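Just so you know, these numbers come straight off a predicted model, no measurement behind them.
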Amino acid sequence: MSEQVVIIGASGHGKVVADIIQNSGDHVVGFLDDAPDSARDFMGFPILGNVDEFQDYKNYSFVVAIGNASIREKIATKLCGVNWYTAIHPSAIISDMEVSVGEGTVIMANAVVNAGTSIGKHCIINSSAVVEHDNYIEDFVHISVGAKLAGTVRIGKKTWVGIGASVSNNICVCENCMIGAGAVIVKNIEIAGTYIGVPAKILQKSNE
């Protein structure tokens with residue numbers, strides 16, 4: 001029996017999540033979105049209301065389709081107790097050997113997750129990202145399109161690894177970091193902030 005899913009966030013990311021749900025044989029009930037100018041429908045799916053109206057749909061599963069980690073965390077906290085949908089595109093390659101994926105996480109088309117990896121709750125593993133063996137990815141992390149994590153990498157909570165960025169093996173990146181597009185991480189990051197360049201260096205410390 002197919003799962004019935006409400007998507008939070010009627011945006012570009014929401015389009016991709018809807019596509020994953022449909023390709024997985026499940027059903028998109030509609031979207032919840034707080035944007036004041038939200039139309040009545042989005043890509044042919046109904047806009048059901050704003051996020052505070054989630055109580056009206058508690059018989060369904062939910063997934064948050066919002067890229068910003070702090071907003072994902074806020075919504076996940078607000079909707080405590082609902083059934084979360086974990087969206088994995090059929091083309092993603094997920095090892096059968098000791099891989100765990102937390103609730104509400106989205107793994108997009110052509111992503112690779114190798115053996116021994118643990119992925120937390122409400123993460124995004126974007127299209128064609130590579131997550132090598134024995135990685136530990138904490139909650140609300142976003143691994144962007146084409147980013148590559150080598151073996152035995154740890155990524156802290158709410159960190160965003162940008163498009164095409166690379167993290168060398170045996171590296172720890174602390175929480176609340178922004179790794180810029182194309183950056184290369186070759187040593188541990190212990191101070192929250194924005195990192196850019198090859199090799200990556202800190203541009204600005206985080207305010208969180």
Q: So, Asp33 side chain and Asn50 main chain: donor-acceptor pair closer than 3.5 Å or not?
A: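 No; zero donor-acceptor contacts below 3.5 Å.
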Q: Is there a donor-acceptor contact under 3.5 Å from the side chain of Arg72 to the main chain of Gly67?
A: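 Judged by distance alone, yes, a pair lies under 3.5 Å.
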Q: Which atoms form the tightest heavy-atom contact between Ala129 and Ser144, and what is the distance?
A: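 Residues Ala129 and Ser144, closest heavy atoms: CB-O, 3.7 Å.
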Q: So if you build clusters from Ile, Leu, Val, Met, Phe, Trp, Tyr with side-chain heavy-atom gaps below 4.5 Å, do Val16 and Ile143 land together?
A: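 In one cluster with Val16: Ile143, no.
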Q: Hydrophobic clustering (ILVMFWY, side-chain heavy atoms < 4.5 Å, transitive) - are Val141 and Val130 grouped together?
A: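 No, Val130 and Val141 fall in different hydrophobic clusters.
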Q: Is it true that a side-chain atom of Asp134 and a backbone atom of Thr152 form a donor plus acceptor pair closer than 3.5 Å?
A: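 Between the backbone of Thr152 and the side chain of Asp134 there is no qualifying donor-acceptor contact (under 3.5 Å).
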Q: Could you go through Val161 and His142, starting from their C-alpha distance and side-chain angles, then the distance that decides it, and tell me whether this counts as side-chain contact (heavy atoms from CB on, under 4.5 Å)?
A: CA-CA 6 Å; Val161 179; His142 187 162; over 6 Å; no
Q: The criterion is side-chain contact (heavy atoms from CB on, under 4.5 Å); which residues satisfy it with Asn23, sequence neighbours excluded?
A: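 With neighbours one apart ignored, the set is Asp19, His89, Pro90.
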Q: Going by side chain to side chain contact (heavy atoms under 4.5 Å, CB included), Val131 matches just one of Val167, Ile94, Ile125, Val99. Which one?
A: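 Exactly one option meets the side chain to side chain contact (heavy atoms under 4.5 Å, CB included) with Val131, and it is Ile125.
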Q: State which residues pass salt bridge (Lys or Arg N to Asp or Glu O under 4.0 Å) with Lys78; sequence neighbours excluded, sorted by chain then number.
A: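 Here the qualifying residues are Asp52.
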Q: Keeping Ser2 on the side-chain end and His27 on the backbone end, is there a donor-acceptor pair under 3.5 Å?
A: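 Such a contact is absent between Ser2 side chain and His27 backbone.
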Q: State plainly whether the residues Glu138 and Lys121 are in salt-bridge range, i.e. N to O under 4.0 Å.
A: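 Judged by the 4.0 Å cut-off on N to carboxylate O distance, Glu138 and Lys121 do not form a salt bridge.
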Q: CD of Glu98: more than 12 outside heavy atoms within 6.0 angstrom?
A: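 Counting other residues, nucleotides and ligands, CD of Glu98 stays at 12 neighbours or fewer.
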Q: For Ser61 and Asn83, does a side-chain donor sit closer than 3.5 Å to a side-chain acceptor?
A: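 Present: a donor and an acceptor within the cut-off.
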Q: So which residues get pulled into Met178's cluster when ILVMFWY side chains under 4.5 Å apart are joined, directly or through others?
A: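 Its cluster partners, ordered by chain and number, are Trp160.
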Q: Side-chain donor-acceptor pairs under 3.5 Å in residues 179-203, sequence neighbours left out?
A:
{"from": "Asn188", "atom 1": "OD1", "to": "Cys172", "atom 2": "N", "distance (Å)": "2.9"}
{"from": "Tyr195", "atom 1": "OH", "to": "Ile191", "atom 2": "O", "distance (Å)": "2.5"}

Q: How many angstroms lie between NZ in Lys74 and CG in Asn68, if you round to the nearest 0.5 Å?
A: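 Result: 10.5 Å between the selected atoms.
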Q: Would the number of heavy atoms belonging to other residues, nucleotides or ligands and lying under 6.0 Å from CD of Gln204 be above 12?
A: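 Counting other residues, nucleotides and ligands, CD of Gln204 stays at 12 neighbours or fewer.
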Q: Please evaluate residues Phe45 and Gln22 with respect to the criterion side-chain contact (heavy atoms from CB on, under 4.5 Å), reporting the C-alpha separation (whole Å), side-chain torsions for both, the decisive distance (0.1 Å), and the verdict.
A: CA-CA 12 Å; Phe45 300 110; Gln22 300 264 91; 3.8 Å; yes
Q: Yes or no on side-chain contact (heavy atoms from CB on, under 4.5 Å) for Val28 and Val5, after CA distance, side-chain angles and deciding distance?
A: CA-CA 5 Å; Val28 177; Val5 187; 5.6 Å; no
Q: Considering only distance and modelled atom types, tabulate donor-acceptor pairs under 3.5 Å from the side chains of residues 103-115, sequence neighbours left out.
A:
{"from": "Thr105", "atom 1": "OG1", "to": "Gly102", "atom 2": "O", "distance (Å)": "3.4"}
{"from": "Thr105", "atom 1": "OG1", "to": "Gly120", "atom 2": "O", "distance (Å)": "2.7"}
{"from": "Thr105", "atom 1": "OG1", "to": "His122", "atom 2": "N", "distance (Å)": "3.2"}
{"from": "Thr105", "atom 1": "OG1", "to": "Cys123", "atom 2": "N", "distance (Å)": "2.9"}
{"from": "Asn114", "atom 1": "ND2", "to": "Glu132", "atom 2": "OE1", "distance (Å)": "3.2"}
{"from": "Asn114", "atom 1": "ND2", "to": "Glu132", "atom 2": "OE2", "distance (Å)": "3.0"}

Q: Partners of Glu73 by salt bridge (Lys or Arg N to Asp or Glu O under 4.0 Å), sequence neighbours excluded?
A: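 Glu73 satisfies salt bridge (Lys or Arg N to Asp or Glu O under 4.0 Å) with Lys157, Lys158 once adjacent residues are dropped.
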Q: Quick one: does any side-chain atom of Thr159 pair with a main-chain N or O of Cys177 as donor and acceptor, under 3.5 Å?
A: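 Checking the backbone N and O of Cys177 against the side chain of Thr159, a donor-acceptor pair under 3.5 Å is found.
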Q: Just to verify, what does Ser168 make a side chain to side chain donor-acceptor pair (under 3.5 Å) with, not counting sequence neighbours?
A: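 Listed in chain order: nothing, the list is empty.
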Q: Would Ile20 end up clustered with Ile88 when hydrophobic side chains under 4.5 Å apart are linked, directly or stepwise?
A: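 No, because Ile20 and Ile88 fall into different hydrophobic clusters, even though each may have its own neighbours under 4.5 Å.
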Q: Of all residues at least two apart in sequence or in a different chain, which pass the side chain to side chain donor-acceptor pair (under 3.5 Å) check with Asp96?
A: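 Residues passing side chain to side chain donor-acceptor pair (under 3.5 Å) with Asp96: none at all.
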Q: Through direct or indirect side-chain contacts below 4.5 angstrom among Ile, Leu, Val, Met, Phe, Trp and Tyr, which residues connect to Ile163?
A: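 Members other than Ile163 - counting any ILVMFWY side chain reachable under 4.5 Å - are Val145.
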Q: What residues form a side chain to side chain donor-acceptor pair (under 3.5 Å) with Thr77, not counting sequence neighbours?
A: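 Per chain and number, Thr77 pairs via side chain to side chain donor-acceptor pair (under 3.5 Å) with no residue.
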Q: Considering only Ile, Leu, Val, Met, Phe, Trp and Tyr, and joining two whenever side-chain heavy atoms are under 4.5 Å apart, list the other residues clustered with Tyr60.
A: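 Grouped by the 4.5 Å side-chain rule, Val6, Ile8, Val29, Leu32, Leu48, Val51, Phe54, Tyr57, Phe62, Val64, Ile66, Ile71, Ile75, Leu79, Val82, Trp84 form the rest of the cluster around Tyr60.
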Q: Establish whether Tyr136 and Ile155 are linked, either directly or via other cluster members, by ILVMFWY side-chain heavy-atom contacts under 4.5 Å.
A: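 Unlinked, Tyr136 and Ile155 end up in two clusters.
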Q: Okay, side chain of Ser95, backbone of Met97: is any donor-acceptor separation there less than 3.5 Å?
A: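 Side chain of Ser95 to backbone of Met97, a donor-acceptor pair under 3.5 Å: yes, one is there.
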Q: Which atoms form the tightest heavy-atom contact between Gly162 and Ala147, and what is the distance?
A: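 Smallest interatomic distance, heavy atoms only, reads O-CB, 3.7 Å.
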Q: Given the rule that I, L, V, M, F, W and Y join up when any side-chain heavy atoms are under 4.5 Å apart, are Ile119 and Leu149 in one cluster?
A: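 Same hydrophobic cluster.
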Q: Partners of Phe31 by ring-ring contact (aromatic ring centres under 6.0 Å, His included), sequence neighbours excluded?
A: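 Phe31 satisfies ring-ring contact (aromatic ring centres under 6.0 Å, His included) with Phe42 only.
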